[in-house]
Amino acid sequence: MRYWLMKSEPAGFSIDDFLAMPNQTTPWDGVRNYQARNFMRDQMKVGDQVFFYHSNCKEPGIVGLAEVSRAAYPDQTQFNPKSHYYDPKATPEKPRWVHVDVRCLQKTRLVSISELRSHPELARMRTLQQGNRLSITPVDPAEWRFICERLLGIKAARATAR
DNA sequence: GCCAACGTTGGC
DNA sequence: GCCAACGTTGGC
């Protein structure tokens with residue numbers, strides 16, 4: 001099992017929107033970056049644990065916990081000419097973009113990016129690196145545990161199991 | 001709104 | 001396959 005951080009702009013899709021989804025589940029569609037796509041396609045498995053992160057907003061940071069609930073499958077928005085995410089080079093026979101489904105497990109307090117940066121234990125976190133723009137980044141198990149247990153006070157049971 | 005840091009595009 | 005121009009991301 002792996003750990004991830006997934007960014008969303010709350011103006012478009014917030015933690016509250018996430019929780020309001022049927023079964024608290026959303027297709028993570030609209031990703032149009034190859035590295036992020038490859039993470040979903042090649043590495044993300046059902047049960048992988050996810051930090052849900054608000055980006056490009058007043059208070060950027062981690063706001064919830066989620067998990068991968070379905071492995072990668074074709075992103076339907078790429079075939080829809082009316083969609084903002086339409087990709088004329090993609091066909092149902094040869095899809096270019098895939099995504100996973102993600103289920104929200106719980107809202108957490110805001111752990112802001114400045115708080116994350118203040119901990120030397122997290123200095124190497126991928127999402128905190130200068131110039132990082134990836135909307136999906138891997139999280140090291142030690143970083144996951146530190147954030148869950150030390151910052152959120154949540155027993156990261158699944159972090160130690162398996 | 002600024003702008004640094006990336007990623008993508010397309011001419012050559 | 002290079003690389004300049006352009007577009008996007010996202011913290012500040």
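Computation of the quantities below employed the complete heavy-atom set of this structure, encompassing side-chain atoms and omitting hydrogens, waters and symmetry-equivalent molecules. Proteins come first, then strands; the chains are lettered A, B, ... in the order of their sequence lines, and each starts at number 1.
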Revision key, fill the gap. Students should find that the hydrophobic cluster of Trp97(A), defined by side-chain heavy atoms under 4.5 Å apart, otherwise consists of Tyr34(A)

Practice item. Please determine, by modelled atom types, if Thr77(A) and Asp75(A) share a side-chain donor-acceptor pair under 3.5 angstrom. Key: yes

Check your understanding: Which parts of nucleotides 2-7 of chain B does protein reach within less than 4.0 Å, heavy atoms only, written one letter per nucleotide 5' to 3' as B for base, S for sugar-phosphate only and - for none?
Key -> ---BBS

Point to revise | side-chain hydrogen bond (donor to acceptor under 3.5 Å, both in side chains) partners of Asp140(A), counting only residues at least two apart | key: none

**Study point:** Any Lys7(A) side-chain nitrogen or oxygen under 4.0 Å from OP1 or OP2 of dG10(C)
**Key:** yes

Review point. Got a sec, which pairs hit side-chain hydrogen bond (donor to acceptor under 3.5 Å, both in side chains) with one end in residues 35-48 of chain A, sequence neighbours left out?
Key: Arg2(A)-Gln43(A), Trp4(A)-Asp48(A), Asn38(A)-Arg41(A)

Review point. Between dG10(C) atom C1' and Leu5(A) atom CG, what is the distance in whole Å?
Key: 13 Å

Review point. Are side-chain heavy atoms of Phe39(A) and Leu134(A) found at a separation under 4.5 Å?
Key: yes

Revision key, fill the gap. note: His54(A), atom NE2; dC12(C), atom C1'; distance rounded to Å ~ 19 Å

**Study point:** For Ser8(A), all residues meeting side chain to side chain contact (heavy atoms under 4.5 Å, CB included), sequence neighbours excluded
**Key:** Phe13(A), Trp28(A), Phe52(A)

Review point. What residues form a side-chain hydrogen bond (donor to acceptor under 3.5 Å, both in side chains) with Arg126(A), not counting sequence neighbours?
Key: none

Point to revise | Residues that, via side-chain heavy atoms closer than 4.5 angstrom, fall in one hydrophobic cluster with Tyr73(A) | key: none

Check your understanding: Which of residues 75-98 of chain A have a heavy atom under 4.0 Å from DNA chain B?
Key -> none

Check your understanding: What is the distance from CD1 of Ile136(A) to C1' of dT9(C), rounded to the nearest Å?
Key -> 15 Å

Practice item. Please list, by residue number, the residues of residues 110-123 of chain A whose heavy atoms come closer than 4.0 Å to an atom of DNA chain C; answer none if no residue qualifies. Key: Ile113(A), Arg117(A)

Revision key, fill the gap. side-chain hydrogen bond (donor to acceptor under 3.5 Å, both in side chains) filter on Ser114(A), not counting sequence neighbours, yields Ser112(A)

Point to revise | d(NZ, Lys58(A); C1', dG1(B)) in whole Å | key: 16 Å

Point to revise | Contacts of Lys82(A) that satisfy side chain to side chain contact (heavy atoms under 4.5 Å, CB included) - sequence neighbours left out | key: Asn80(A)

Point to revise | side chain to side chain contact (heavy atoms under 4.5 Å, CB included) against Glu121(A), all qualifying residues, sequence neighbours excluded | key: His119(A), Phe146(A)

